[in-house]
Asks: 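Here it is, the structure, as structure tokens.
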Amino acid sequence: MADLVEGIPGLEAAERIARHDLARLNYPPANWVPERIGPDGRRVLDVLVVGAGMCGQTAGWNLLREGIRNIRVIERSAYRKEGPWNTTARMPILRSPKHLTGPDLGVPSLTFRAWYEAQHGAAGWDKLYKVLRLDWLDYLLWVRKVVDLPVENNVGLVSVEPAGDLLKATLSTGEVVHTRKLVLANGRDGSGGFRWPSFPSFDPADPKRMGRAFHTLEDIDFAALAGKRIGVLGVLATAIDNAATALEAGAREAICYARRPHLPQVNKSKGVSFPGFQRGQGMLDDDWRWKIYTYMLAAGSPPPHESVLRVQKLPGFAFHFAEPWLDVIVDETGVTVKTTKATERFDAVFFGTGFDVDVARRAEIAAFTANVKLWGDARSPEEAGANAEAALYPYLGPGFELTEKVPGRTPLLGSIHLFNWGSILSQGALAGDIPGLQFGSPRLVQAISHSLFKADVARHVENMFNQEDPELAPTDYFVPREKRSGTL
Ligand SMILES: Cc1cc2nc3c(=O)[nH]c(=O)nc-3n(C[C@H](O)[C@H](O)[C@H](O)COP(=O)(O)OP(=O)(O)OC[C@H]3O[C@@H](n4cnc5c(N)ncnc54)[C@H](O)[C@@H]3O)c2cc1C
């Protein structure tokens, strides 16, 4: 132990310690879910987890810990390309403080701190300001390896349909699998898609925009923007980090525009990041949950001060507040942007406008979406009309499962668990940001565990009746079954 505190034991030693801790926790426990054969003659999966980013891998590991082991975790991207960290995230460090836990599911030797100290020692940990973006990815992949979670990279979910009381999933490989439960851990846009503001002359589907108008969470060739003038719609974290990345790559100018008169000042979600709020929000009645999140959505969240410090020192950067865009016209040589104050000419524009939650946009679950209950269905038309964004959030059950707009029409919706950002109105931020994960993942897994057990209860009870255990065989008091009285 002295080594751990003062020295730098290295990742292999950290892995040995973590594996030993897992063994002490009897991980992995035996599978308890009875085998079921599907219409294709193959064993039905108990859970198919879609997405192996932070939420998907944590949910997958949590299922294994629960003894639900007949699962598959699929990930459409290549290894080390899961999630935003090594793809579309363009900040050097995480916003979150370094001490955050979550993907470790409460095992100390699997925390980010354990991973970091193993390589940099206790002194290195003390010196660390915030987590480097790619360190977070490497840490997640390390946890995945140590807990022996099998992940199938380069395999996507294409669609899911009902098949009796099962779900039939078609994968990008052409394989068709039957599963009892589906967990959609498909990321921040997993309940909708990119938000593209509507302008009279702009169509995001028009191929002419390629290379000139980008959503900030798309692939962008920043080197190609050297010497260019860039307009950015948005002033929140991703807008600013993209502007900074472009300027650092040699762009001449990057101007971030906002409708609002100044940056949002207070990160409200930080203030409610404590167990009572995180655990309790999903237990509240509809009025409270609606009140909390319609407020959160309207309040917005300031960009991290580190991102603002990064960009404000770069020559060529400017904020234009209180200057909304009215139109965006892309042509062969650049982009004309009409604002409320001017007509500007840019070489390229970025839309730092985030995501929409709108399950109707998810092709994977198109067979089900017509009957998905939304928050708008649970509120009065006046409230839904006044909060159009919030009204589109799915109204989930207590285990993150989709619920029915018209009860009885598509009961299989209850087997589809939305473990992504679309769950915030129903559950709070338990399946998106790091701090909520330690509450969200166990809640999801307990719900799945309970539902699988309940569905098979007759079989479990029958097994209990038939159970034989020669506990007393080594003693003088063992009685063979045929000689016992009653059920004993
Ligand atoms: C730029 C950025 C910075 C962030 N910084 C922080 C921070 O500092 N602190 C914090 O708490 N949170 C932060 N977040 C929020 C959150 O932690 C991340 O978004 C995190 O990645 C969420 O994990 P996830 O598993 O839900 O989604 P992801 O990590 O995006 O994983 C989803 C995975 O699903 C896969 N997938 C999608 N569709 C399919 C399909 N059909 N089939 C198979 N696979 C599919 C994707 O390829 C992806 O790998 C940040 C988010 C972004 C975008």
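When a ligand or atom number is given, it counts from 1 through the structure's own listing order. What you are looking at is a predicted structure, and each value in this text was computed from that prediction instead of being measured.
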Asks: Test of understanding: with side chain to side chain contact (heavy atoms under 4.5 Å, CB included), list the residues that count as partners of Tyr129, not counting sequence neighbours.
Replies: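 Result, side chain to side chain contact (heavy atoms under 4.5 Å, CB included) vs Tyr129: Ile93, His305, Glu306.
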Asks: Taking C-beta and beyond as the side chain, do Phe202 and Val335 meet within less than 4.5 Å on heavy atoms?
Replies: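 When only atoms from C-beta onward are counted, Val335 and Phe202 do not touch, as no gap falls below 4.5 Å.
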Asks: Between ligand 1 and the protein, tabulate every N or O atom pair separated by less than 3.5 Å, reporting distance only.
Replies:
residue  : atom   : partner : partner atom : Å
ligand 1 : 8 (O)  : Arg95   : N            : 2.8
ligand 1 : 8 (O)  : Ser96   : N            : 3.3
ligand 1 : 9 (N)  : Ser96   : OG           : 2.6
ligand 1 : 11 (O) : Ser96   : OG           : 3.3
ligand 1 : 11 (O) : Ile434  : N            : 2.8
ligand 1 : 17 (O) : Gly432  : O            : 3.0
ligand 1 : 25 (O) : Met54   : N            : 3.1
ligand 1 : 25 (O) : Cys55   : N            : 2.8
ligand 1 : 38 (N) : Arg76   : NH1          : 3.4
ligand 1 : 41 (N) : Leu157  : O            : 3.1
ligand 1 : 41 (N) : Glu364  : OE2          : 3.1
ligand 1 : 42 (N) : Leu157  : N            : 2.9
ligand 1 : 44 (N) : Arg76   : N            : 3.1
ligand 1 : 47 (O) : Glu75   : OE2          : 2.6
ligand 1 : 47 (O) : Ser77   : OG           : 3.2
ligand 1 : 49 (O) : Glu75   : OE1          : 2.8
ligand 1 : 49 (O) : Glu75   : OE2          : 3.0
ligand 1 : 49 (O) : Gly83   : N            : 2.8

Asks: When you measure from the centre of the six-membered ring of Tyr79, is the NZ or CZ of Arg144 closer than 6.0 Å and no more than 45° off the axis?
Replies: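 No - Arg144 does not lie over the ring of Tyr79 by the 6.0 Å and 45° rule.
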Asks: Classify the side-chain pair Thr294/Asn387 by whether it contains a donor and acceptor separated by less than 3.5 Å.
Replies: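 Per modelled atom types, Thr294 and Asn387 side chains form no pair under 3.5 Å.
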Asks: Could you list the donor-acceptor pairs under 3.5 angstrom formed between side-chain atoms of residues 229-236 and any protein atom two or more places apart in sequence or on another chain?
Replies:
residue : atom : partner : partner atom : Å
Arg229  : NE   : Glu253  : OE1          : 2.9
Arg229  : NH1  : Glu344  : OE1          : 3.0
Arg229  : NH1  : Arg345  : O            : 2.9
Arg229  : NH2  : Glu344  : OE1          : 3.1

Asks: Kindly state each residue pair satisfying side-chain hydrogen bond (donor to acceptor under 3.5 Å, both in side chains) with at least one member in residues 154-171, sequence neighbours excluded.
Replies: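 Every pair satisfying side-chain hydrogen bond (donor to acceptor under 3.5 Å, both in side chains) with a residue in residues 154-171: Arg36-Asp165.
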